[in-house]
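Below, chains carry the letters A, B, ... as their sequence lines are ordered, and counting in each starts from 1.
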Amino acid sequence: MTDRLYEGADWDFPTLQRIHDACEEIAEKELGLNVYPNQIEVITAEQMLDAYSSVGMPLYYKHWSFGKQFAHQEASYRKGLMGLAYEIVINSSPCISYLMEENTATMQTLVIAHAAFGHNHFFKNNYLFKQWTDADGILDYLDFAKGYVAQCEERHGRAAVEQTLDAAHALMSHGVDRYPGKKSLDLRAEEKRARERRTHKEAAFNDLWRTVPTGPSKSASALSTERRRALLGLPQENLLYFLEKSAPRLKTWQRELIRIVRHISQYFYPQGQTKVMNEGTATYVHYRIMNRLHQNGQITDGNFLEFLQSHTNVVFQPNYDDRRFSGFNPYALGFAMMQDIEKIVTDPTDEDRAWFPDIAGKGDAMAVLRDIWANYRDESFISQFLSPRLMRHMRMFHLHDDPAVSEGIRVDAIHDERGYRRVRRALARQYDVGLIDANIEVVDVDLAGDRRLMLRHAVLNGALLNEPDAKRVLQHLADLWSYDVSLAEVDASGLVLKEHVAHPRVMAAAA
Amino acid sequence: MAMHIVDRRLNPSSKSLENRQRFLRRAKALVQGAVKKASQDRDIKDVLEGGEVSIPLDGMNEPRFHREGGVRDRVLPGNVKFVEGDYLQRPQSKSGRSNDAGEGDGEDAFRFVLSRDEFVDIFLDDLELPDLSKRKLAEVENEGLRRAGYTTSGSPANISVSRTVRLAMARRVALQRPRPETIAQLEAELEHCGDEARPELLAEIERLKSKMRRIPFIDPIDIRFRRFETMPKPVAQAVMFCLMDVSGSMSEHMKDLAKRFYMLLYVFLTRRYRKVEIVFIRHTDRAEEVDEQTFFHGPASGGTLVSSALQAMHEIVQSRYRPADWNIYAAQASDGDNSYADGDLSGRLLKDMILPVTQFFAYLEVGEAGSHPFEMSESSLWTLYQRLRAEGAPLSMRKVNDRSEIFPVFHDLFQRRQAKEKVAP
């Protein structure tokens, strides 16, 4: 049992296998994790940069924006501004983790424990991922998407495809279903259906847009507002879905491209909502595994010190007035909360018992944590499990910046008895998806008139859209819609604060 | 549970290359502008080094809906001095870092690194030098030797042994020359055989031996010599002479114009030749060879004698750059002043010494920005060179007053040269 997994910094493939098996033993027996099968891929630094520019996915369709990303990252990497991540892990089954060949054996152990077990378990068990992503199908679907885009470029020209993708990318953040619908995503079937659908759609046409008059009975007013909105599925917050289904003049292939962007956007949707939890889980898991390996004598004291140094860097949280500060470090916050919960469950104080009666002193930390990992996302996780102790430890405070108040920014609450609940609520809201993205939905279409598409932005706390960018996005939207598009920014009382209008340009595809 | 390890290190690594090219293509105009700007601040030789350029994000940005302003709530770590109800001064800058919108926010320029090749391609592309003119640029050709098959006559030093032996063998096989082993075998048999077979064997051996003598191992007709033929070989190195008048009448603006021109010529030549050297000769009434820094920035004063520079160039060519081995290019920049008495000498030097050995000689007359060339009277140097040209000397000359004219003039110069070559036999 006390055999060393490796000596020094060097490793080879049998070493990786031994490391994986040792980690697996601890992960399953001691932590009770339930993971997808692992696939570990060894890559070079350059390949890591490559992977960065396509959001970590091993395959992706071609688009200039990924090239831009790559150029930018390469520049910062070469200047030494940015270190490369130690690992990238993909939510797929089998779960793919990339290891960089430059890493030492200790780093590889850390990465395997972190990604191949921590993230992997989270992907497989968290309800958001279960609900929204199809880990079995994603790689095949991306392969299909890549091929489909390439095929479209051949058939319809690169410019037209690029224009459609640009527009779809601009709307990507508003191309997700925020609430679970009837169907769960099945990407394999999606891919299979794609070809059938294309032929079917080419034959079918949308009755709504029929221009040939069929008889005297149907007048414009006959189509009541209610009926019209029902037919179009309004209001609709998934702009990409709405365009795909209802934009009158899109070609079938354009609808399919929009659909691809929408599916990929949906696939990444849970990751944005679980950053703190996901990284917290993975960091907690690697910390437990590395400690156990060290206790078992499977890694040396020197290896363990090397691990601790990396670990400390990863969970470093600069203070708000530090030059390095750029918000909460999800690794730091997540890890601190996991450890805190462990303490509450195993060794609670009176304060813990008062705040967390359900879990305090229950004894089995892993059972509680596994349950939390499966059933929460960042917002609910923080609003329920951020403890006063941790708020004190991280010295959190809540700032309220109301431009109407001339005195400046008000310190609304600090880490004291009066402030705990408010600080916690405010921090949880910071991770609320409903509040992170602007709430924009399609409200109506002027079917009788100029077919103008009407959108509404429900303004929250007086925060309006950044105007230049909003104009550009609307322009893309209008290009896809092919008629005018208007966006009204409306506050809670129904008052219109601002209105934007965009007119379609001639799309390359329409020519 | 089953675990797979896949070694991806040997996979093609430049998966992003295509995306990168798409990006560059899309940002072409912006990148060209950036390259032009980046090349302004560089020394001539560094122009080719590639490197970081930054382009405005505008046009390359990927817009998203994001919000700004309004009432903001934020939780931060690290409070040491605030209590509830305190007020903080708002930071002065309008766009604080508190906005967690996507990339591009607050970042007005996009920086990335171009490789050397990408940089030069874009740089030359910007010149709009047609490929045709690049290819037809005359180059001095040198005689070189090249293997050209085999011949039946030649010097013994060039005998091709392998070819000769091969032919000899073919001939021996074709004529069925007996093998020495066969004879040796027969002779061995002879020792042991009975008397009745002996005469037959002896006759056979004798027959074979005489056939062997008649068919020699190597015949003169087998002998082949390696053949060489002479062929023109391009000279792969070039030297570029930069001559500049640095007398007091040359302003910084004029020097800048000259520098730009030299820069273009240098880039152009490096694309063409493997090795390019630069010689800087500055002159007032005396000429001296200097380094680049002194050339463009070193102070100097005095009169103007163009012949001194031409003489210096001639001497350097004589001592260091044999015209047979080097392609010699020269570009002279001046405001056109020259002392009147120097005209004849300069003309003679140029015509008899310089032009015969140079590949290309360009004269660039630089003027102050905004002045109209046609309003000025012709300068003394311009008049002199024009006369030489009228007499048939292969000189290229242009006037430049403004930065923006450099590219077109450069382009124009090379086109004209091509046209002239067609006319001249």
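Counting heavy-atom pairs closer than 4.5 Å to chain B, the top residue among A:D402, A:N461, A:I409, A:L460 is A:I409. Of the listed residues (A:H415, A:E489, A:Q475), the one with the most heavy-atom contacts under 4.5 Å to chain B is A:H415. With chain A as partner, the option from B:V83, B:V80, B:L76 having the largest number of non-hydrogen pairs under 4.5 angstrom is B:L76. Of the listed residues A:M172, A:E162, A:M391, A:K471, the one with more heavy-atom pairs under 4.5 angstrom with chain B than any other is A:E162. Listed options A:L427, A:L464, A:I43 were ranked by heavy-atom pairs under 4.5 angstrom with chain B; first place goes to A:L464.
By the neighbour-count criterion of 12 heavy atoms within 6.0 Å, atom NZ of A:K275 is sparsely surrounded, having that number or fewer from other residues, nucleotides or ligands. For B:K255, the NZ atom counts as densely surrounded, since its 6.0 Å shell holds more than 12 non-hydrogen atoms of other residues, nucleotides or ligands.
Looking at heavy atoms from C-beta onward, A:R429 lies out of side-chain contact with B:D73 at the 4.5 angstrom threshold. Annotation: side chain of A:Y60 is not in contact with side chain of B:N19 (no heavy-atom distance under 4.5 Å). Between A:H476 and B:P63, the closest side-chain pair of non-hydrogen atoms falls below 4.5 Å. For the pair B:E84 and A:R422, the minimum side-chain heavy-atom distance is below 4.5 Å. Looking at A:H20 and B:I5, their side chains never come closer than 4.5 Å, going by heavy atoms from C-beta outward.
For chain B, no part of A:V459 is nearby; none of its heavy atoms comes within less than 4.5 Å. Looking at A:L390, there are no atoms closer than 4.5 Å to chain B (heavy atoms on both sides), in backbone or side chain. Only the backbone of A:P318 comes within contact range of chain B, with at least one heavy atom under 4.5 Å from a heavy atom of that chain. The contact between A:E407 and chain B is made by backbone and side chain atoms together, counting heavy-atom distances below 4.5 Å. Proximity to chain B is limited to the side chain of A:F328, based on heavy atoms less than 4.5 angstrom apart. With a 4.5 angstrom heavy-atom cutoff, A:L333 does not touch chain B via any of its atoms. Of the atoms belonging to A:L171, it is side-chain heavy atoms, and not backbone ones, that fall under 4.5 Å from chain B. When heavy atoms are compared at a cutoff of 4.5 Å, A:D412 approaches chain B solely by way of its backbone atoms N, CA, C and O. A:L239 touches chain B through its side chain: at least one heavy atom from C-beta onward sits under 4.5 Å away, while N, CA, C and O do not.
Taking CZ of B:R8 as the start and OG1 of A:T44 as the end, the distance is 12.5 Å to the nearest 0.5 Å. Note: A:L465 CG to B:E68 CD = 8.5 Å, rounded to the nearest 0.5 Å. Atom NZ of B:K81 and atom CG of A:D321 lie 6.5 Å apart (nearest 0.5 Å). Taking CG of A:D469 as the reference point, atom CZ of B:F65 lies at 10.0 Å (rounded to 0.5 Å).
Considering all non-hydrogen atoms of both residues, B:P77 and A:F325 come closest at CD-CE1, 3.5 Å. Smallest separation of non-hydrogen atoms from B:M3 and A:L16: CE-O, 4.2 Å. Here the closest heavy-atom approach between residue B:R90 and residue A:P403 is recorded as NH2-CA, 3.7 Å.
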Residues B:R67, A:H457; criterion side chain to side chain contact (heavy atoms under 4.5 Å, CB included); working and verdict: CA-CA 10 Å; B:R67 289 168 301 181; A:H457 170 213; 3.7 Å; yes

Would you please test A:D401 and B:R74 for side chain to side chain contact (heavy atoms under 4.5 Å, CB included) and show each step? CA-CA 8 Å; A:D401 182 4; B:R74 209 147 187 248; over 6 Å; no

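The backbone N or O of B:V75 lies less than 3.5 Å from a partner atom in the side chain of A:Q430, making a donor-acceptor pair. Within the 3.5 Å criterion, the main-chain N or O of A:V473 finds no donor-acceptor partner in the side chain of B:R64. The main-chain N or O of B:N79 is found under 3.5 Å from a side-chain atom of A:R395 such that the two form a donor-acceptor pair.
Qualifying side-chain hydrogen bond (donor to acceptor under 3.5 Å, both in side chains) partners for A:K498, counting only residues two or more places apart in sequence or in other chains: A:E467. By the salt bridge (Lys or Arg N to Asp or Glu O under 4.0 Å) test, B:R22 pairs with A:E153, B:E18, sequence neighbours left out.
Applying the side-chain hydrogen bond (donor to acceptor under 3.5 Å, both in side chains) test between B:R9 and each of A:E101, A:Q47, A:E41 identifies A:E101 as the sole match.
Between A:F397 and B:F82, the ring-plane angle classifies as tilted under the 30° and 60° cut-offs.
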